[in-house]
Protein chains: 2
Amino acid sequence: MPRSRTEEEPRSRRSRRQQYSAATRQALVDEATRLFTEQGYGATSLDAVVAAAEVTKGALYHHFAGKAAVFAEAFDAVETRAAERITAALDAEDDPWDKARAGLAAFLTVVQEPEYRRIVVQDGPAVLGYERFRESEERSTFACVTDIVRAVLSSERGLQASWAEDEEMLATFARIFFGALSSAGEAVTTSADPEAAAGRVEAAIGLIIAGLQALVDDEDTRG
Amino acid sequence: MPRSRTEEEPRSRRSRRQQYSAATRQALVDEATRLFTEQGYGATSLDAVVAAAEVTKGALYHHFAGKAAVFAEAFDAVETRAAERITAALDAEDDPWDKARAGLAAFLTVVQEPEYRRIVVQDGPAVLGYERFRESEERSTFACVTDIVRAVLSSERGLQASWAEDEEMLATFARIFFGALSSAGEAVTTSADPEAAAGRVEAAIGLIIAGLQALVDDEDTRG
DNA sequence: GTACTCACATACTCTGAGTACGTACCCAAA
DNA sequence: TTTGGGTACGTACTCAGAGTATGTGAGTAC
């Protein structure tokens, strides 16, 4: 039994008009994401986007400030999905080192996807500007890496050296690992044998981590 | 005493006209580099470039295939200079570990310069395409890192584990360190206190390397 | 029902990349 | 010295595409 129209409607908060509007906006973002991924930002015209979404430029400029704003929306969506997937992989593990391994694998998977590679890695910095690019990164994928590093450093079986409590040193380590993983992911993607390349990356990262553990062990044994 | 004009002129290979032409081309590249650095690729019009170089679009399109070709020329120049500077820093050292330290410092310096940040890091991938971007990188700065890693791995005081001879593993390590350094350089640049940030980066990288050495030492002591 | 507003569509402007073509000057051969 | 040709530009254009101004019709509130 529907309530009075004058009050707020809890079942469907948004009016029909608002729902249509949201659908139009979503269609624009979806088609833009697809075209940006296939052709890149520069080679994609807004005419092509609005044609694919079956609307006109008027609709696009009603919802967005301009071409860059559409891209920003697509960019955020892709980055958010990427971060969510990595986070999900992390949440499936309890042990910090298992988290690290799972996160590494998830990261390597994500950075190989066309949407992420084209929109985030290739066009992101140029279109959004490096500053804004970095901010988005900081909130999503980089945050994942920071979580992993923090988990490893603070675990009982982890690295307990004095620099583990230094927040800035932690950020530095996270930044270094993040760059290493991004670059490594690129190497995996462009490799002729991605499986083998991923194995080498995991082995190399594993060695680096084992090395850090060895340092801690040496400290422990010496007192 | 000038020779016959019909023969080749060894002292000045290029005719006056060719010299003028080369100067025009160079002026275009120089001004384009400056404007691309200041405003970015997208916001820089070719009209602004030719105006700054005091020529017309006819001259530009005589020398270059288009806007992207001008950028590619500027890009290559910036990357080449960066690689030369890092190489010079490496050549000043003999010991592999000193090379690594000097190379790290040189790398961190280079990636902080506006030309490199804007043209290579920010706009390079989008304008040239990731494929071509990677190829240029491979020949210049990434080659420097590979040299460092190779030197360290093959030195007597270096890491002599079995994976040191594996070329693909070497490339993987180089790729990882390269990404780590690039990302770390970014962190240094955007830091409020770049000096301190650079110190943290060098400390963190130093720890990672020390960890790898510790692994080798353990192997040695055990047999 | 009526006035009002939001969500678009249409038709335009305008910047900037790329092109077609004209021209002056250098250089080599006659 | 002349002449012919090719190079190195300059000039004037086209055209695609981003952004804008304004019209309009379907909701929505009262």
Side-chain angles (χ1 to χ4, degrees), chain A residues 2-9 12-29 31-32 35-36 39-74 123 126-127, chain B residues 2-9 11-29 31-32 35-36 39-74 123 126-128:
Chain A
R3 302 189 191 180
S4 162
R5 254 28 207 340
T6 54
E7 290 173 20
E8 267 139 34
E9 195 91 30
S12 63
R13 271 208 182 74
R14 303 176 158 268
S15 70
R16 218 159 58 224
R17 220 172 125 178
Q18 284 173 317
Q19 288 178 26
Y20 288 151
S21 177
T24 301
R25 184 191 175 93
Q26 191 60 45
L28 282 166
V29 173
E31 294 302 323
L35 289 169
F36 285 153
Q39 313 171 2
Y41 178 80
T44 301
S45 74
L46 291 184
D47 288 332
V49 173
V50 297
E54 293 177 301
V55 291
T56 61
K57 296 184 82 171
L60 191 146
Y61 277 96
H62 174 73
H63 286 288
F64 302 97
K67 191 181 181 183
V70 179
F71 180 86
E73 191 104 350
D123 286 338
V127 178
Chain B
R3 303 189 189 182
S4 160
R5 241 59 199 318
T6 55
E7 289 173 19
E8 268 140 31
E9 195 91 29
R11 293 185 191 173
S12 64
R13 272 208 179 76
R14 301 177 158 268
S15 71
R16 216 161 58 224
R17 210 170 139 183
Q18 285 173 315
Q19 288 177 25
Y20 288 151
S21 176
T24 301
R25 184 190 175 92
Q26 191 60 45
L28 281 167
V29 173
E31 294 302 323
L35 290 169
F36 285 152
Q39 312 170 3
Y41 178 81
T44 301
S45 75
L46 291 183
D47 287 332
V49 172
V50 297
E54 292 176 303
V55 291
T56 62
K57 296 184 81 172
L60 191 147
Y61 278 95
H62 174 72
H63 286 289
F64 302 97
K67 191 182 181 183
V70 179
F71 181 86
E73 191 105 351
D123 286 338
V127 178
L128 299 179

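Here is how names work: the chains are called A, B, and so on, in the same order as the sequence lines, proteins then strands, and each is numbered from 1. Computed from a predicted structure; not experimentally measured. Just so it is clear, the values below take in all heavy atoms, side chains as well, and ignore hydrogens, waters and symmetry mates.
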Who pairs with [X] by side-chain contact (heavy atoms from CB on, under 4.5 Å), at least two apart in sequence or on another chain?
X	result
B/S45	B/D47, B/A48
B/S21	B/H63
A/A27	A/A53
A/A52	A/E31, A/R34, A/L35

With sequence neighbours excluded, residues passing ring pair (Phe, Tyr, Trp, His ring centres under 6.0 Å) with A/Y61:
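Once residues adjacent in sequence are excluded, A/Y61 has no partner under the ring pair (Phe, Tyr, Trp, His ring centres under 6.0 Å) criterion.
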
Going by ring pair (Phe, Tyr, Trp, His ring centres under 6.0 Å), name the residues that satisfy it together with B/F64, two or more places apart in sequence or in a different chain.
none

Over how many whole Å does the gap from [X] atom [atom1] to [N] atom [atom2] extend?
X	N	atom1	atom2	answer
A/Y61	D/dA21	OH	C1'	13 Å
B/K67	D/dA16	NZ	P	18 Å
A/Q19	D/dG27	CD	P	13 Å

Between the protein and nucleotides 7-10 of chain D, which nitrogen or oxygen pairs are less than 3.5 angstrom apart?
residue : atom : partner : partner atom : Å
D/dT7   : O4'  : B/R17   : NH2          : 3.0
D/dT7   : N1   : B/R17   : NH2          : 3.0
D/dT7   : O2   : B/R17   : NH2          : 2.0
D/dA8   : OP2  : B/H62   : NE2          : 3.1
D/dC9   : OP1  : B/T24   : OG1          : 3.2
D/dC9   : OP2  : B/T24   : OG1          : 3.4
D/dC9   : OP2  : B/H63   : NE2          : 3.2
D/dG10  : OP2  : B/T56   : N            : 2.7
D/dG10  : OP2  : B/T56   : OG1          : 2.5
D/dG10  : O5'  : B/T56   : OG1          : 3.2

Hey, can you tell me if B/F36 and B/Y41 have their rings parallel, tilted or perpendicular (30° and 60° cut-offs)?
tilted

The criterion is side-chain hydrogen bond (donor to acceptor under 3.5 Å, both in side chains); which residues satisfy it with B/Q26, sequence neighbours excluded?
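Here the qualifying residues are B/D30.
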
With sequence neighbours excluded, give me every salt bridge (Lys or Arg N to Asp or Glu O under 4.0 Å) pair touching residues 20-29 of chain B.
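Pairs touching residues 20-29 of chain B that pass the test: B/R25-B/E73.
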
Using the salt bridge (Lys or Arg N to Asp or Glu O under 4.0 Å) rule, collect all pairs that involve residues 56-70 of chain B, keeping only residues at least two apart or in two chains.
none

With Watson-Crick and G-U wobble geometry limited to distances under 3.5 Å, how should the secondary structure of DNA chain C be encoded in dot-bracket form, using | for bases paired to another strand and [ ] for crossing pairs?
||||||||||||||||||||||||||||||

Considering only heavy atoms, which members of residues 41-50 of chain A lie under 4.0 Å from some atom of DNA chain D?
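Close to the strand are A/T44, A/S45, A/L46.
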
